[in-house]
Visitor: 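Take a look at the following structure, please.
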Amino acid sequence: IGGAKRIQREGTRFWVESSSMLLTKLLQQRTKLLRIFGIMSATAVACIAILYFSIPMADTQQNKFDVILVLGNPAADNGSIAPLAQSRVLEGIRQYRAGAAPRIMMTGGAVRNSFVESQVMMEYAHAQGVPRSALFTEEQSHNTIQNTYYSYRIMQAEGWTSALIVTSPTHVRRASLIFQHYPLAW
């Protein structure tokens, strides 16, 4: 019986020593994996930042354009202009009044509700004093890629080759990536 207790005690001591060594090894591996993950994350962030800041913001230095293209933003559920769309339209109007282009085209179909965003934006611009003869709409699109495609088709039909693109600051780089695929001065 005495020998059995000694073996059991030695077995317990061995298990305690083994488990603490195992725990130490696991913590070391965890630390190593966290370092690797941290380095990979930092590298990914750096690569994304480099790509993000290398996206062109325009492809021309010209000051006069054929049209000011205001990219759409969904209307509010009650049919009024949403704050983001309002800020875009106001910037388009400011550029129009500064003489950047003789016309403004609002883009966007009915995206989140039944209100066509370009119509809502056009009505707001008209209420701000822009004559209807200077306002155009593109009403089919549901996203930025479609804004660009359908607007470009209208521009081709009208013989326009340049556009001042108006959007929000957080949207400029994404819009730039799309517009660079079209033969426009923007």
Visitor: More than 12 non-hydrogen atoms from neighbouring residues, nucleotides or ligands closer than 6.0 Å to CZ on R97, yes or no?
Guide: yes

Visitor: Looking at CE of M121 and CG of N73, how far apart are the two atoms once the value is rounded to the nearest 0.5 Å?
Guide: 7.5 Å

Visitor: Is it true that I104 and Y124 fall in one hydrophobic cluster, defined by side-chain heavy atoms closer than 4.5 Å?
Guide: yes

Visitor: Just verifying a value: how many Å separate S118 OG and Q140 CD, rounded to the nearest 0.5 Å?
Guide: 10.0 Å

Visitor: Begin with the C-alpha distance, continue with both residues' side-chain angles, and end with the deciding distance and a verdict on side chain to side chain contact (heavy atoms under 4.5 Å, CB included) for V130 and Y96.
Guide: CA-CA 9 Å; V130 179; Y96 170 78; 4.1 Å; yes

Visitor: Just to verify, which of I165, L184, I178 counts as forming a side-chain contact (heavy atoms from CB on, under 4.5 Å) with T148?
Guide: I178

Visitor: Quick check: are there more than 12 heavy atoms from other residues, nucleotides or ligands sitting under 6.0 Å from CD1 of I145?
Guide: no

Visitor: So which atom in G72 and which in N147 form the shortest heavy-atom distance, rounded to 0.1 Å?
Guide: N-OD1, 4.2 Å

Visitor: Hey, could you give me the CZ/CG distance between R174 and L71, rounded to the nearest 0.5 Å?
Guide: 9.5 Å

Visitor: Give me the atom names and distance for the closest heavy-atom approach of I93 to A125.
Guide: CD1-CA, 3.8 Å

Visitor: Any donor-acceptor pair under 3.5 Å linking the side chain of D66 with the backbone of A163?
Guide: no

Visitor: Between P102 and A134, which heavy-atom pair has the shortest distance, and what is it?
Guide: O-CB, 3.7 Å

Visitor: Determine the minimum heavy-atom distance between A75 and N113, stating which atoms define it.
Guide: O-ND2, 2.9 Å

Visitor: How far does CD1 of I68 sit from CG of L164, to the nearest 0.5 angstrom?
Guide: 5.5 Å

Visitor: State yes or no: do V120 and L69 share one hydrophobic cluster built from I, L, V, M, F, W and Y residues joined by side-chain heavy-atom distances below 4.5 Å, directly or via other members?
Guide: no

Visitor: Does the side chain of Q119 come under 3.5 Å of the side chain of E139 through a donor N or O and an acceptor N or O?
Guide: yes

Visitor: Under the 3.5 angstrom rule, does the side chain of Q86 hit a backbone N or O of I81 as a donor-acceptor pair?
Guide: no

Visitor: Nearest 0.5 Å, what's the CG-CD distance between L23 and Q28?
Guide: 10.0 Å

Visitor: Indicate, with yes or no, if M106 and V67 share a hydrophobic cluster defined by side-chain heavy-atom contacts under 4.5 Å among Ile, Leu, Val, Met, Phe, Trp and Tyr.
Guide: no

Visitor: When the aromatic ring centroids of W186 and Y152 are compared, is their separation below 6.0 Å?
Guide: no

Visitor: Please determine which of E138, M155, H142 meets the side-chain contact (heavy atoms from CB on, under 4.5 Å) test together with Y150.
Guide: E138

Visitor: Is it true that V89 and M122 fall in one hydrophobic cluster, defined by side-chain heavy atoms closer than 4.5 Å?
Guide: yes

Visitor: Side-chain donor-acceptor pairs under 3.5 Å in residues 30-46, sequence neighbours left out?
Guide:
from: T31; atom 1: OG1; to: L27; atom 2: O; distance (Å): 2.8
from: S41; atom 1: OG; to: F37; atom 2: O; distance (Å): 2.9
from: T43; atom 1: OG1; to: I39; atom 2: O; distance (Å): 2.8

Visitor: Check this for me, if you would: do E91 and R88 make a salt bridge, where the nitrogen-to-carboxylate-oxygen distance has to be below 4.0 angstrom?
Guide: no

Visitor: Verify, without hydrogens or angle tests, whether E158 (side chain) and W160 (backbone) share a donor-acceptor contact under 3.5 angstrom.
Guide: no

Visitor: For the residue pair P74 and A82, what are the closest heavy atoms and their distance?
Guide: O-CB, 3.4 Å

Visitor: Looking only at heavy atoms, what is the nearest atom pair of L84 and S168, with distance?
Guide: CD1-CB, 3.6 Å

Visitor: Assess whether atom CG of N63 is packed by more than 12 heavy atoms of other residues, nucleotides or ligands within 6.0 Å.
Guide: no

Visitor: Looking at NZ of K64 and OG of S162, how far apart are the two atoms once the value is rounded to the nearest 0.5 Å?
Guide: 11.5 Å

